[in-house]
Undergrad: 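First, the structure itself, so that you have it in front of you.
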Protein chains: 2
Amino acid sequence: MTTLQEKSQLKHQRILDMALKLFTRRGFFKTSVHDIQRETQVSIGSIYHHFGNKEAIAKALLDSIEEQLFLAVTEIMSNHQSAQERCKAIISYLFEISEADPDAMHYMLYARHREFLPDEKPVCSSRPFSLMKEIVATGIEAGEIREMDLNVAAVSIFGGPIRLIFLRLDGVLEQKLPHYLDACWQSSWRGVTAQPPSW
Amino acid sequence: MTTLQEKSQLKHQRILDMALKLFTRRGFFKTSVHDIQRETQVSIGSIYHHFGNKEAIAKALLDSIEEQLFLAVTEIMSNHQSAQERCKAIISYLFEISEADPDAMHYMLYARHREFLPDEKPVCSSRPFSLMKEIVATGIEAGEIREMDLNVAAVSIFGGPIRLIFLRLDGVLEQKLPHYLDACWQSSWRGVTAQPPSW
DNA sequence: GTCTATACCTGGATAGAC
DNA sequence: GTCTATCCAGGTATAGAC
């Protein structure tokens, strides 16, 4: 019988879900643990029993979201070989997940984690983003992407799409992100691809 | 004799300067008005006399930085005609100012203002960024930039460079931003420019 | 593991003298 | 306009019963 354990697990998850919602809407500093208590109906004592302190909730949230993204990227890497296919698949995935779970995306991209998680690396150095950089690196080695600084290549490919996600999260775009995928991708890729001799 | 007024003005500025420094390093919520008092040696009473409340300091800071950027962009517009020249000049300016005054850039780009300034529009809708979008729009009308959604075009041009600024502010780049200008610009512009018929 | 009650303190803001 | 002293709300975290 693990019913009790399961109930505890469920509570754990309920706390995380509500924290994500509140953190993205009001921000980390504007949401108190009392707020989480009120909305989840889980007592303050339990919350502290599960997480220890407020920062730890934020950290657990971040870890979980980054892990999810990391897994998605590794899966994409095993399903596609060229940098071109991989990068496009990643952008497509980011667009879809931004629509399906905007809070998670918002939290990862938009929150300044370093303000309340001082020991955290910047997003761009997190595991999934490092993977994306690796993909670009091998694309350069393979001659798919023209010779250029790695960081410049990475921002040239992903900078536009990420910016577009911000616009969407800020409510500026009318259409859903996948609607813009092809146009956006065309610009990104055309910018970094090896130049045809005639041009 | 305006010596007293001038002393007051100076104090005003000292508060703003220190607030910018503290807000960008520790974040808005982690810096107390007492911190500002301690570092500037201006009393709490004076600080509140000048600004009314803590948010107003943040707002004044934001307004001043956005105004500065707005003026720079308008100047660039009067000095250059084509979208190509204008956009490149803007990116070049952003790169330079990021090196010269990283705190200001950091504050404008990286802070989540809506978290502590709930009535503030998102950065992307601020006056200078709206101007940049207009430039892109006229570039499309003129046929300089190929036919595509305006938002997509804008993020394709500026998304990469802005991402690169983030990397620099996060200490990821070794070289100063202007060092990457040409490579970065080439990718951005090539991505959105009208396609040659042979390709 | 879960709860209630509470300790403790930080920090925004004001009062009122100068 | 500037200052010091102070107020007090709200928030993190803990104690201790169940």
Undergrad: Among residues 8-23 of chain A, which ones have heavy-atom contacts with DNA chain C below 4.0 Å?
TA: Ser8(A), Lys11(A)
Undergrad: Taking only residues at least two apart or on different chains, which pairs with a member in residues 44-57 of chain A satisfy side-chain hydrogen bond (donor to acceptor under 3.5 Å, both in side chains)?
TA: His12(A)-His50(A), Ser43(A)-Ser46(A)
Undergrad: Which residues in residues 24-41 of chain B have at least one heavy atom lying under 4.0 Å from any atom of DNA chain C?
TA: Thr31(B), Ser32(B), Val33(B), His34(B)
Undergrad: Please check if any side-chain donor atom of Thr3(B) sits under 3.5 Å from a side-chain acceptor atom of Glu6(B), or the reverse.
TA: no
Undergrad: Applying ring pair (Phe, Tyr, Trp, His ring centres under 6.0 Å), name anything that partners Tyr180(B), two or more places apart in sequence or on another chain.
TA: none
Undergrad: Is there a donor-acceptor contact under 3.5 Å from the side chain of Arg146(A) to the main chain of Gly191(A)?
TA: yes
Undergrad: Does a side-chain heavy-atom distance below 4.5 Å link Glu67(B) with Arg127(B)?
TA: yes
Undergrad: What are the bounds, 5' to 3', of the part of DNA chain D that sits under 4.0 Å from heavy atoms of chain B?
TA: dG1(D) to dT4(D)
Undergrad: Please work out which of the three classes, parallel, tilted or perpendicular, describes the rings of His113(B) and Phe116(B), given edges at 30° and 60°.
TA: perpendicular
Undergrad: Side chains of Ile140(A) and Val192(A), heavy atoms from C-beta outward: is any pair under 4.5 Å?
TA: no
Undergrad: Just by modelled atom types, is the Ser126(B) backbone N or O under 3.5 Å from a matching donor or acceptor in the Ser130(B) side chain?
TA: yes
Undergrad: Got a sec, which residues hit side-chain contact (heavy atoms from CB on, under 4.5 Å) with Thr24(A), two or more places apart in sequence or on another chain?
TA: Leu20(A), Asp103(A), His106(A), Tyr107(A)
Undergrad: Are a donor atom and an acceptor atom from the side chains of Asp17(B) and Gln13(B) found within less than 3.5 Å of each other?
TA: yes
